[in-house]
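Here's the structure we're looking at; comments come further down.
Lettering of chains follows the sequences in order, A, B, ..., and the numbering in each one begins at 1. Computed from heavy atoms alone, side chains included, the values below leave out hydrogens, waters and symmetry copies.
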Protein chains: 2
Amino acid sequence: MGTRGRVTKVSVADLAAELDVSTATVSRALNGSPAVRPELAQRIREHAEARGYVANRMARALSANVSRAFVGFVIPYVDTPAYSSVAAECARLLSADGTQLILTITENDPERELHQLKDLVASRVAGLIISPSTHILEASKQLLSNLPVVEFHRACGIAAPGVFSEDEQAMSEAVLHLAALGHTRIGYLGTPEALSNGAARLRGLHRGLELAGLDRGAVAMRLLEPTTDNGKRGVRDLLDGSRPPTALIVGGGALSIGAAQAVHESGRRLPDELSLVVYGHPSWFALSDPPLTRITVDYQDLALRAARLLNTVLDSGPARGGEPEPQFVTAQLHLAGSTGPPPKRAHASDRKSRR
Amino acid sequence: MGTRGRVTKVSVADLAAELDVSTATVSRALNGSPAVRPELAQRIREHAEARGYVANRMARALSANVSRAFVGFVIPYVDTPAYSSVAAECARLLSADGTQLILTITENDPERELHQLKDLVASRVAGLIISPSTHILEASKQLLSNLPVVEFHRACGIAAPGVFSEDEQAMSEAVLHLAALGHTRIGYLGTPEALSNGAARLRGLHRGLELAGLDRGAVAMRLLEPTTDNGKRGVRDLLDGSRPPTALIVGGGALSIGAAQAVHESGRRLPDELSLVVYGHPSWFALSDPPLTRITVDYQDLALRAARLLNTVLDSGPARGGEPEPQFVTAQLHLAGSTGPPPKRAHASDRKSRR
DNA sequence: ATGAAAGCGCTAACAT
DNA sequence: ATGTTAGCGCTTTCAT
């Protein structure tokens, strides 16, 4: 008995007919309206249960013409902790409210993104949590401006609230840490300035240099899209010159993975021959030896804030009022075994010879 | 111009009124029905575009009463490559058909799972891609049996097709590899037999032992839920005895991470003092030194098959006909630097003394 | 080739 | 407290 044969096809009308009451009463009972006699309500609910009735969210949403049935979750990638852990947490938090997450992956392609945003609008999502692609289209911004939106990780200049990691300080600390150890030639591998977080990290870098009294020109830089391959490429590039940097800072999760590999492959010993500061979720670097000095972000906290922010925005409609206030989760610099004093040139040749 | 002010509220009726045609005609034109005069159709489409019309998928689905608008994606965790990379690929493939993925994370909790399955049914998903929780409830199975379902990674004994990694062979190879190196005391850390893939790996282990002429009793085993912490715990446990194994095989991604860390923390040198075979996505072990001998699965391929299978199932309804044929993606054993001959006891004490 | 109208499953006025 | 009815936005017979 119970839910047999094919997908649920019991409707409110069926229940109403079977119990010889009106659809309205059934609806009220099922939604816990106080307007229905408790005993009747109970009977209706039991019958619904017995018949395996499951309300159709689409019909409900259609009728209510405003519902929190769905929320879009738009990200460039999902197979990286910076996104997957936020996705996990958001799904968790929202599902508690009975809201379902529609997962959408842009692969950082603006066209795909636009297309998917349209689909999301078509699904009448209540709102959107998004980490925009690097070169978002005007049309996409247009769509976003008419929807309750929360940004995270990356901002694209629309009037929406967001949650971001506050990387500037950690970044600047990283520079100061290296400078204090005696490094003067630092290499930086980061994401493009077109990415809001890329820009933020760069600002941190510059601030650190300034505070350390180092010249901007002294920093060799590579700004690349965040992929593991680019991480490798970038590091090889940076280490390749005649006077390579003695320390490397990587500003980006995927880049860091590739970077760490490339450094390892280069055969340089950490921290004796090179200092390295990476960025990202600890799980990625758990196995590295020595443990890497790194900048980490509490993604779970970030997700929590994003979900909360979304709820706020859902209650007040899209981009209303003045400037929405962005929130920040501050990144932390953790010292570990991959940073140390620069190799001393004078002795370096001695050392080398002992090989 | 274009999509101004608030969320799209242009409806078919609006368009019809504005162009002085019937809603039926508009609908036909928009859906490319040949029954409408090309020139008119063109005009309608242009007008719709100009007015920023976006069809309401819910209404459409409701009316059609069967649609591929949504598919549920139900997994225990998402912040692990085994799931996140499959999610990414499935979202990609399905979005090409205009199908959206509703992401649902059970955290391996049967109650949550049931609840979420109900929500998914309520959303009238066309079908489901699921990796069931360890102890799935009967009620959940019940729901699943009335829906087009594709399983992956884990099977829960419903009559649904699925895609799984074929771990038995790789597992058995791993054992033979270790046996050939001379190991006789092997430790195994894996997932519970209640998990279908845990059971499969165990079968592989046993088969390997048999082929190697080793006694099952010779294997110290820990079967734990797949978490990083359990990986650590399990390894500590296994290495703790008076005659600890000389080689460790880990059957599970999250377990492997923890295991590798614990091994590292134990100070044992790989492969001289201990041999280690891990399981999982290469990205997780990219930074380990020495590179780890490991069993890997092509998750992208697996996702591709899952998506294809879903399409098939969607075309034929739930669990119809006889036994659905499961598909397999064979896991591969990659040899690397973490496996070698066991430490020779005779010399072991010598070695120890040199400390 | 086009229109009128019914209905998908539900909720929310508006009665009673 | 319960019933009637009118939609929500779309597709789809059935007419014309």
Roughly, in whole Å, what's the span from [atom1] in [X] to [atom2] in [N]?
X     : N      : atom1 : atom2 : result
B/R57 : D/dG9  : CZ    : C1'   : 15 Å
B/D14 : D/dC8  : CG    : P     : 10 Å
B/Y53 : D/dG9  : OH    : P     : 10 Å
B/R37 : C/dA1  : CZ    : C1'   : 7 Å
A/K9  : C/dC8  : NZ    : C1'   : 12 Å
A/L30 : D/dT2  : CG    : C1'   : 16 Å
B/M58 : D/dC10 : CE    : P     : 12 Å
A/N56 : C/dG7  : CG    : P     : 18 Å

Under 4.0 angstrom, heavy atoms only, what part of the nucleic acid is [X] near: base, sugar-phosphate, or nothing?
X     : answer
B/S11 : sugar-phosphate
A/D20 : sugar-phosphate
B/A64 : nothing
A/A55 : sugar-phosphate

Sorted by position of nearest nucleotide on DNA chain D, 5' first, the leading residue of B/A24 and B/L62 is B/L62
Closest to side chain of [X], choosing from [options]:
X     : options               : answer
A/V12 : C/dC10, D/dT11, C/dA4 : C/dC10
A/R28 : D/dT2, D/dT11, D/dC10 : D/dT2
A/R60 : C/dC10, D/dT11, D/dT2 : C/dC10
A/V21 : D/dG3, C/dT11, C/dT2  : D/dG3
A/T25 : C/dG7, C/dT11, D/dG3  : D/dG3

So, A/F70 versus B/F70, ring centres under 6.0 angstrom or not? yes
Can the ring centroids of B/Y299 and B/F152 be said to lie less than 6.0 angstrom from one another? no
Output yes when B/D315 and B/R68 qualify as a salt bridge under the 4.0 Å nitrogen-oxygen rule, no when they do not. yes
Short N-O contact, A/R92 and A/E89, less than 4.0 angstrom: yes
May I ask you to evaluate whether B/S22 reaches the phosphate of C/dT2, defined as a side-chain N or O under 4.0 Å from OP1 or OP2? no
Using OP1 and OP2 only, check whether a side-chain N or O of B/N31 sits under 4.0 Å from D/dT11. yes
Set of residues satisfying side chain to side chain donor-acceptor pair (under 3.5 Å) with respect to A/D301, sequence neighbours excluded: A/R305
